[in-house]
Amino acid sequence: MASSRNLFSLFHRHRVIPFEFLGQPSSALFSTHIVGDTPILVRDFIHKALYDPNVGYFSQKSASVGVLDSSIKFNRFEGRKAYMKHLDKIYKQSDVSWFTPVELFKPWYAHGIAESILRTTNLSVPLKIYEIGGGSGTCAKGILDYIKLNAPTRVYDNISYTSVEISSSLAAKQIQTVGEVDSHLSKFRVEHRDATDRNGWGDVNEQPCWVIMLEVLDNLPHDLIYSENQTSPWMEVWVERKQGEELSELYRPIEDSLIKSCIKIIDMPDATVGGSRVSSAMKNIWAKVFPKPRWCWLPTGCMKLLQVLHGALPKMSLIASDFSYLPDVKIPGERAPLVSTKKDGSSSDYNSYLDAKGDADIFFPTDFFLLEQMDHYCSGWMKQQKDGEPLKRGKKRRTLSLNTAAYMEEFGLPTKTRTKDGYNPLLDDFKNTKVYLSVPTHNVK
């Protein structure tokens, strides 16, 4: 039986790697000045380390997203051992950094998403879909294939599918993948832009639509806040460059609006306010005797994206899938990331996010309860409650979080990814992943 760490290394979308490929740490591949002479917030450091067009990780690694020549025939494998052997083979043949789940399980993963859309949407109006971070286009093609074969002809004829892709190379690849079916091209387009930039969405679109984000949340920038001990106030963390390439943290009072919004949603108690004099005195004594520094990672990148989406597409329905937890994280703090680098087929984790200099992936677990709270807040309902406005009946959105196995058992065809002995990698090896569904409701008076 493989350890949870090895299973994660196998099936995380950036590291679907056979066991023998796991090796020793490698030194930084790039010498970059991600931080200039002026300190920057942690989220800006992470954004540059991942997405900078010249030195960012995805700019350096954009050509290494794997595309399978054909679908894997899971029912031909006797069991897990045979499947892993096949996975090892395709990695050696393709020499890529990762295959996404939607690629490994094509077309069945995308078909499950398409089915959930068809079951929950109003098919009397034209179906409009946006996908953020569409990778190689496998999800888009799978969804369009499924709708063409299973939905009424008028639904497919009037569908509009837009991919919002920050990588120019992947944007080109998506058109190539979807274009394998000629009739799809008239319904599909790629917009090469950053989805978190409100200007790119244009005027507010009041029409119902769907937004799909598969393994997008884990790579969205986060902020970090720090407290010296149990009673010290939280401080926002900045990154500054000392000498040469040396980076260090700088702590400042919390002033950033995104950080403040996340703290409000989480409802984090202010360590310097509230509580009785007795309890405050006890906390002060405890903090002096057993001082314990605290770190907390805030998904401000997700917050910003949801603000933009709800502002531009107020009647959107949302499907997001990602990792609900990450094993063996070395970096301190709630919702802390893994910072992983790979060289010559060997993968290893850094002890600090500051070690990422364009050579490492930085990915976070998704707190799905917090995601739901942010979704409600950005849609307007939670904000009205917290700002003291009169209580409304019901919420503006209906939300549901399911683990991947439950989601695929409900909407997919899990028999298609099962081996002869019953082992099913889609259901059995993604225990730490979930799917979030969010749809608007008129149950607000």
Side-chain angles (χ1 to χ4, degrees), residues 34 36 38 40-59 62 126-135 137 139-140 160-175 178 187-223 255-262 264-265 298-320 362 371 374-383 396-397 438 440:
I34 291 178
T38 304
I40 58 177
L41 282 165
V42 169
R43 71 166 178 265
D44 295 323
F45 171 81
I46 292 174
H47 187 275
K48 286 190 174 184
L50 291 177
Y51 300 111
D52 185 277
N54 298 314
V55 299
Y57 173 77
F58 289 112
S59 299
S62 61
L127 181 57
K128 189 175 185 65
I129 299 174
Y130 294 93
E131 184 180 2
I132 297 175
C139 180
S160 169
Y161 198 116
T162 302
S163 173
V164 180
E165 177 58 57
I166 198 170
S167 166
S168 58
S169 60
L170 290 177
K173 180 61 181 175
Q174 290 170 23
I175 295 175
V178 174
K187 311 166 194 320
F188 178 79
R189 68 174 181 174
V190 179
E191 296 181 358
H192 177 216
R193 59 183 175 88
D194 184 348
T196 63
D197 183 354
R198 177 62 182 87
N199 293 327
W201 293 94
D203 296 335
V204 175
N205 188 338
E206 294 285 352
Q207 296 301 312
C209 65
W210 284 85
V211 175
I212 301 171
M213 299 189 293
L214 305 183
E215 293 80 45
V216 168
L217 301 177
D218 63 350
N219 280 132
L220 290 180
H222 283 52
D223 270 294
E255 296 181 352
D256 180 75
S257 59
L258 276 175
I259 293 177
K260 286 182 177 179
S261 294
C262 276
K264 182 187 293 186
I265 294 171
L298 303 175
T300 46
C302 177
M303 179 81 177
K304 181 180 179 181
L305 178 57
L306 288 174
Q307 286 178 344
V308 168
L309 291 175
H310 280 294
L313 309 170
K315 294 184 180 179
M316 73 164 180
S317 296
L318 175 65
I319 298 179
I362 307 171
L371 173 62
M374 290 192 297
D375 188 22
H376 286 307
Y377 183 90
C378 294
S379 70
W381 184 81
M382 281 284 288
K383 186 176 187 299
K396 285 189 175 182
R397 304 190 69 79
S438 172

Side-chain ([X]) to main-chain ([Y]) donor-acceptor, under 3.5 angstrom:
X: Asn219; Y: Ile362; value: yes
X: His192; Y: Ile166; value: yes
X: Ser167; Y: Leu170; value: yes

Q. Under the side-chain contact (heavy atoms from CB on, under 4.5 Å) criterion, do Leu214 and Cys139 qualify, and how do the steps go?
A. CA-CA 9 Å; Leu214 305 183; Cys139 180; 3.6 Å; yes

In the structure I gave you, are the side-chain heavy atoms of [X] and [Y] within less than 4.5 Å of one another anywhere?
X: Ile319; Y: Trp210; answer: yes
X: Met303; Y: Leu298; answer: no
X: Cys262; Y: Asp223; answer: no
X: Leu220; Y: Asp218; answer: no
X: Pro208; Y: Lys128; answer: no
X: Ser160; Y: Pro126; answer: no
X: Leu41; Y: Ile259; answer: yes
X: Val190; Y: Val164; answer: no

For His47 and Asp52, which I'm curious about, is there any donor-acceptor pair between the side chains at under 3.5 Å?
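On atom types as modelled, these side chains do not qualify, holding no pair under 3.5 Å.
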
Is it true that the side chains of Ser438 and Arg397 contain a donor and an acceptor less than 3.5 Å apart?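 There is such a pair (donor and acceptor under 3.5 Å, judged by atom type) between the side chains of Ser438 and Arg397.
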
Nearest-0.5 Å distance that lies between atom OH in Tyr377 and atom CD1 in Ile265:
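Tyr377 OH to Ile265 CD1: 5.5 Å, rounded to 0.5 Å.
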
* **Interatomic spacing from CD in Gln307 to OG1 in Thr300 - rounded to 0.5 Å** =>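 With rounding to 0.5 Å, CD (Gln307) is 10.0 Å from OG1 (Thr300).
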
Who passes side chain to side chain donor-acceptor pair (under 3.5 Å) against [X], sequence neighbours left out?
X: Gln174; value: Ser163, Glu165
X: Trp201; value: none
X: Tyr161; value: Glu131
X: Asp194; value: Thr196

Considering all heavy atoms, the nearest [X]-[Y] contact:
X: Asp197; Y: Arg193; value: O-NH1, 4.5 Å
X: Ala140; Y: Val178; value: CB-CG2, 3.9 Å
X: Gln207; Y: Asn205; value: N-OD1, 2.9 Å
X: Ala195; Y: Val308; value: O-CG1, 3.6 Å
X: Pro299; Y: Met374; value: CG-CE, 3.8 Å
X: Arg198; Y: Gly311; value: NH2-O, 3.8 Å

Checking Arg189 now: which residues fulfil salt bridge (Lys or Arg N to Asp or Glu O under 4.0 Å) with it, not counting sequence neighbours?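 By the salt bridge (Lys or Arg N to Asp or Glu O under 4.0 Å) rule, Arg189 matches Glu191.
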
For Leu318 and Leu306, what are the C-alpha separation, side-chain angles and deciding distance, and is it a side-chain contact (heavy atoms from CB on, under 4.5 Å)? CA-CA 10 Å; Leu318 175 65; Leu306 288 174; 4.3 Å; yes

Does Lys187 have any side chain to side chain contact (heavy atoms under 4.5 Å, CB included) partners at least two apart in sequence or in another chain, and if so, which?
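Applying side chain to side chain contact (heavy atoms under 4.5 Å, CB included) to Lys187 gives Tyr156, Ile159.
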
### Task
Carefully, step by step, assess Val211 and Leu313 under the rule side-chain contact (heavy atoms from CB on, under 4.5 Å).
CA-CA 9 Å; Val211 175; Leu313 309 170; 3.9 Å; yes

Report task. Check the pair Leu309, Met316 against side-chain contact (heavy atoms from CB on, under 4.5 Å), reporting the backbone distance first and the verdict last. Result -> CA-CA 8 Å; Leu309 291 175; Met316 73 164 180; 3.8 Å; yes

